Amino acid sequence: MKNYASNFIKKVEEYGFKAQIISFKHMEEIKLGIENMKQTYEDINVNIGKYLNKFDYKVSDDFLKPKSIIVIAVPQPVARVYFTLGLKRYAVIMPPMYLLNSSSEFEKKHKKICEITEIVEKILSYENFKAIKVNIPCKPLAVKSGLGTYGKNNICYINGESSFYWLGVYVSDMPWENDSWGEYTIMDTCKNCDLCLKNCPTGAIAEDRFIVHANKCITLQNEDSGDFKKSLRPEWHNCLIGCMRCQIICPANKKCITSIKNITEFNDWETRKILAKTPLEELPETTYKKLESISFIEDYKLLPRNLKVLIMK
Ligand code: SF4
Ligand code: SF4
């Protein structure tokens, strides 16, 4: 039989991506794993249940007969964005995956995600296979498929590489070859290291359990709308969205940490308009395009608050 899956992986690597392909039968286990986590850790259910409940494990077989799950890892830089107020220019950063940040509802309009999907579809089409992008938990899938390994900070590190990757999952009618499905793994580097734990300003990474205390994590707070908790000190904020403190310190990311990419710059007028919460539709097209380049259309309402706390600190 032809090695469809390994040929796919080789082709996708020509684009700089990494991939792993496992049997579709694991879909149910992925779902059960999330349900178990919600039951075991009540705080996880309370704090991130609304995200976990959005996962959709059902795949209609009208379009294809599902045989495999493809997990794709696309390298991403740390993004730097400039804002200006008067004579002062502020450089702020965003963690790697946020340039491709999108809800499942919005991702069909997200240019860069569509480009990745087109690459996946194009490679599969050489052998007349198809794929559908699915919204299921990427990190546990990447780890259990053998593509990555967890760090103590609960981030997925692509094996031999870094955590600076965006993950996407597709279901396909392409057959799998070597089902690498296994147990959760933690990086060897973590055995004698606690740098992320010490560098986490909020104490979200704790000694008492592997799962990060979601209620303390800055990421969950600045990805959500509303006022920040009073316990979250302004000086702890370090990114326009998300938080880099546990990744920036990690020895496993050492070789990538210098790859910061300047994405765009907002002038004084634009920065003031953003801080004044000017509705998106009232902004000129040039400003809209800049917001699009940093993937802040869908989450635009978060931007004035997140920016303000960074430039005021
Ligand atoms: S900082 Fe150390 S303990 Fe934390 S994820 Fe990286 S290697 Fe593991
Ligand atoms: S993302 Fe930030 S707040 Fe969350 S665990 Fe890492 S360092 Fe702590």
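We count ligands from 1, going down the list as the structure has it; atoms in each ligand are counted the same way. Values reported hereafter were calculated over all heavy atoms of this structure, with side chains retained and with hydrogens, waters and symmetry mates removed. All values reported here derive from a predicted model rather than from experimental measurement.
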**Student:** On a heavy-atom basis, I'd like to know which of Cys246, Ala206, Cys217 is closest to atom 6 (Fe) of ligand 2.
**Tutor:**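 Among Cys246, Ala206, Cys217, the closest heavy atom to atom 6 (Fe) of ligand 2 belongs to Cys246.
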**Student:** Which atoms from ligand 1 have a heavy atom of Cys196 less than 4.0 Å away?
**Tutor:**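 Once the distances to Cys196 are compared, the set is 1 (S), 3 (S), 4 (Fe), 5 (S).
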**Student:** Hey, are Asp43 and Lys38 close enough for a salt bridge, meaning a charged N less than 4.0 Å from a carboxylate O?
**Tutor:**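 Salt bridge: no.
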**Student:** So does Arg89 pair up with Glu265, basic N to acidic O under 4.0 Å?
**Tutor:**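 Counted as a salt bridge, because a side-chain N and a carboxylate O are separated by less than 4.0 Å.
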**Student:** With a 4.5 Å heavy-atom cut-off, do Leu275 and Phe83 have their side chains touching?
**Tutor:**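 No. Closest side-chain heavy atoms not under 4.5 Å.
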**Student:** Report yes if the distance between the aromatic ring centroids of Phe296 and Tyr98 is under 6.0 Å, otherwise no.
**Tutor:**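 Ring centres of Tyr98 and Phe296 not closer than 6.0 Å.
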**Student:** Measuring centre to centre across the rings, with the benzene-like ring taken for any Trp, is Phe129 within less than 6.0 Å of Tyr4?
**Tutor:**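 So the answer is yes for these two rings.
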**Student:** Which residue owns the protein heavy atom closest to atom 2 (Fe) of ligand 2, what's the atom, and how far is it?
**Tutor:**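 For atom 2 (Fe) of ligand 2, the nearest protein heavy atom is Cys243 SG, 2.3 Å.
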**Student:** Is the closest heavy-atom distance from Pro251 to ligand 1 below 4.0 Å?
**Tutor:**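 Flag set, Pro251 near ligand 1.
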**Student:** Quick one: nearest non-hydrogen protein atom to atom 8 (Fe) of ligand 2, plus distance?
**Tutor:**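 Among all protein heavy atoms, the one nearest atom 8 (Fe) of ligand 2 is Cys200 SG, 2.3 Å.
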**Student:** Go through ligand 2 atom by atom and flag the ones less than 4.0 Å from a non-hydrogen atom of Thr219.
**Tutor:**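 It comes down to these atoms of ligand 2: 1 (S).
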**Student:** Can any side-chain N or O of Ser68 pair as donor or acceptor with the backbone N or O of Trp176 at less than 3.5 Å?
**Tutor:**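 No, Ser68 side chain to Trp176 backbone: no donor-acceptor pair under 3.5 Å.
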**Student:** Can you sort out which atoms of ligand 1 are near Cys193, meaning under 4.0 Å from one of its heavy atoms?
**Tutor:**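 Listed by number with element, the hits are 1 (S), 2 (Fe), 3 (S), 7 (S).
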**Student:** What protein heavy atom sits nearest atom 5 (S) of ligand 2, and how far away is it?
**Tutor:**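 Minimum-distance protein heavy atom for atom 5 (S) of ligand 2 reads Ile205 CG1, 3.6 Å.
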**Student:** Do me a favour and list the nearest non-hydrogen protein atom to atom 3 (S) of ligand 2 with residue, atom name and distance?
**Tutor:**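 Looking at atom 3 (S) of ligand 2, the protein heavy atom closest to it is Ile218 N, 3.3 Å.
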**Student:** Heavy atom under 4.0 Å from ligand 2: found in Thr202's side chain, backbone, both, or neither?
**Tutor:**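 Within the 4.0 Å criterion, Thr202 contacts ligand 2 through side-chain atoms alone.
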**Student:** Go through ligand 1 atom by atom and flag the ones less than 4.0 Å from a non-hydrogen atom of Lys152.
**Tutor:**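 By the 4.0 Å cutoff, the relevant atoms are 3 (S), 5 (S), 8 (Fe).
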**Student:** Could you check whether any heavy atom of Asn153 sits closer than 4.0 Å to an atom of ligand 2, since that is the contact criterion I want to use?
**Tutor:**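 Distance cut 4.0 Å: Asn153 fails for ligand 2.
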**Student:** Tell me whether Lys144 is salt-bridged to Glu29, with the criterion being a basic N under 4.0 Å from an acidic carboxylate O.
**Tutor:**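 No, Lys144 and Glu29 are not salt-bridged.
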**Student:** Relative to Tyr165, does Lys18 satisfy both conditions: NZ or CZ under 6.0 angstrom from the six-membered ring centre, and within 45 degrees of the ring's axis?
**Tutor:**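 Relative to the ring axis of Tyr165, which defines the angle, Lys18 lies outside at least one limit.
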